[in-house]
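Take a look at the structure below.
These values consider heavy atoms only, across backbone and side chains, with no hydrogens, waters or symmetry-generated copies.
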Amino acid sequence: MTRVQNQPSENIPQQKSENPWVEAVKTIGLSAILAFGIRSFVAEARYIPSGSMLPTLQINDRLIIDKLSYKFKNPQRGDIVVFNPTETLEKQNFHDAFIKRVIGTPGDKVEVKGGRVYVNDQALREKYIEEEPHYNWGPVTVPSHSYLVLGDNRNNSYDSHYWGFVPTEKIIGRAAVRFWPMNRVGEVNPEPLYPSAK
C-alpha cells in the first residue's frame with residue numbers, strides 16, 4: 001500500500017493571515033467608497049420634512065432619488081425633482097434641498113389664474129394637487145437651462161412663484177420610488193399627469 005507523504009512544512013509557503021482589524025478597516029473603507037460613489041452619482045435616500053407636496057408626498061415619506069437619468073435626458077413637466085437652493089434662496093439662508101414638481105420647462109409660458117395653471121395658454125388638468133391655487137401669478141417665460149417648479153400643496157408651498165426659477169445645475173435628481181412607509185411603497189407618479197384640459 002502506497003502512502004503519500006506530505007512535504008516538510010518548511011517547504012510549503014505559508015499564507016499569512018491578516019490581522020482581523022485590518023480586514024475590518026478594509027471592508028468598511030471599501031463599503032464607504034462604494035456607498036459614496038452610489039450616493040454621489042446614482043441614487044440617494046431622502047425624506048420629506050414638510051407638507052408642501054401634499055397630498056402626493058406625505059411628511060416623513062422616504063424616497064429614492066434617481067440622480068443618473070438626468071445625465072441622459074432633461075427633466076420633464078410633471079417630474080418631482082430634488083434641487084439645491086438657488087442663489088435667491090441661499091441669500092435667504094436656505095441650505096437644505098427642496099422637492100417640488102416641474103411645471104415649466106425652458107421656453108414655456110406659465111401663468112396661474114382663476115384657480116388653474118396654464119402652460120403655453122393651455123390649462124393643466126391637475127388631479128394630484130391639494131386644492132386649486134388661490135392666487136394669480138404671471139405670465140412668465142421660463143429661461144433657457146432653467147425650470148419652474150411648484151408644490152402640489154399650491155397654497156402652502158414656497159416655490160417658483162415666490163423666488164423664481166431653478167437652474168439646471170441645481171437639480172440633484174428625480175423622486176423615483178417611495179420606500180417608506182410600507183403601506184405606500186412604490187413608484188412616485190408612474191403615469192403621466194399632464195394631459196391638456198379640453
Side-chain angles (χ1 to χ4, degrees), residues 35-71 73-112 117 119 124 126 128-181 184 188-189 193-194:
F36 176 77
I38 290 170
R39 188 177 189 278
S40 297
F41 303 108
V42 179
E44 67 178 71
R46 293 272 179 166
Y47 81 99
I48 304 303
S50 76
S52 71
M53 284 298 293
L54 290 168
T56 308
L57 301 175
Q58 305 289 318
I59 295 173
N60 290 324
D61 276 1
R62 264 60 172 178
L63 308 175
I64 297 294
I65 307 305
D66 166 16
K67 302 174 78 172
L68 193 58
S69 62
Y70 290 157
K71 306 290 184 192
K73 65 175 186 176
N74 294 323
Q76 303 297 304
R77 186 177 301 116
D79 286 357
I80 295 176
V81 296
V82 173
F83 56 94
N84 287 317
T86 64
E87 285 186 18
T88 301
L89 290 168
E90 286 175 345
K91 288 175 185 174
Q92 297 172 21
N93 290 321
F94 285 97
H95 305 292
D96 294 331
F98 282 63
I99 184 164
K100 305 291 178 193
R101 188 183 297 274
V102 173
I103 299 297
T105 58
D108 283 343
K109 183 177 83 169
V110 182
E111 184 174 13
V112 181
V117 175
V119 176
L124 301 179
E126 301 185 289
Y128 47 80
I129 60 174
E130 180 79 354
E131 59 184 352
E132 65 182 33
H134 297 159
Y135 57 85
N136 293 329
W137 180 77
V140 297
T141 299
V142 183
S144 60
H145 310 295
S146 298
Y147 295 85
L148 185 143
V149 297
L150 297 176
D152 288 356
N153 191 358
R154 291 287 150 81
N155 299 305
N156 293 287
S157 176
Y158 193 53
D159 52 33
S160 282
H161 87 279
Y162 283 105
W163 43 256
F165 308 101
V166 180
T168 302
E169 65 270 16
K170 293 288 186 178
I171 295 177
I172 296 168
R174 177 181 65 89
V177 175
R178 181 188 293 106
F179 67 89
W180 189 264
R184 301 180 68 232
V188 176
N189 293 333
L193 295 168
Y194 276 75

Value rounded to 0.5 Å, distance of [atom1] in [X] from [atom2] in [Y]:
| X | Y | atom1 | atom2 | answer |
| --- | --- | --- | --- | --- |
| Ile103 | Leu148 | CD1 | CG | 7.5 Å |
| Phe83 | Tyr147 | CZ | OH | 13.5 Å |
| Asp152 | Glu130 | CG | CD | 9.5 Å |
| Asn84 | Leu89 | CG | CG | 10.5 Å |
| Met53 | Ile129 | CE | CD1 | 11.5 Å |

Query raised in the report: Can you list every pair that meets side-chain hydrogen bond (donor to acceptor under 3.5 Å, both in side chains) and has a residue in residues 162-173, with sequence neighbours left out?
Result: Glu90-Lys170
Query raised in the report: Is a salt bridge present between Arg46 and Glu44, judged by a nitrogen-to-oxygen distance below 4.0 Å?
Result: yes
Report task. Output yes when Arg174 and Asp79 qualify as a salt bridge under the 4.0 Å nitrogen-oxygen rule, no when they do not. Result -> no
Distance-only, no hydrogens or angles: does the [X] side chain make a donor-acceptor pair with backbone N or O of [Y] under 3.5 Å?
| X | Y | result |
| --- | --- | --- |
| Asp159 | Gly151 | yes |
| Arg101 | Gly78 | yes |
| Gln76 | Asn74 | yes |

Report summary line: Test side-chain contact (heavy atoms from CB on, under 4.5 Å), reference Val81, set Ile99, Asp66, Ile65, Val102, output is Val102
Over all heavy atoms of both residues, which pair between [X] and [Y] is shortest? Give the atoms and the distance, please.
| X | Y | result |
| --- | --- | --- |
| Asp61 | Pro181 | OD1-CD, 3.4 Å |
| Val142 | Phe165 | CA-CE2, 3.9 Å |
| Val110 | Gly104 | CG2-CA, 3.9 Å |
| Gly51 | Asn153 | O-ND2, 2.9 Å |
| Pro106 | His145 | CG-N, 3.9 Å |

Report task. Please test Val112 against His161 for side chain to side chain contact (heavy atoms under 4.5 Å, CB included), starting from the C-alpha separation and ending with a verdict. Result -> CA-CA 9 Å; Val112 181; His161 87 279; 5.9 Å; no
Query raised in the report: Between the side chains of Lys100 and Ser160, does any donor sit under 3.5 Å from an acceptor?
Result: no
Query raised in the report: Side chains of Asn155 and Glu131: donor-acceptor distance under 3.5 Å anywhere?
Result: yes
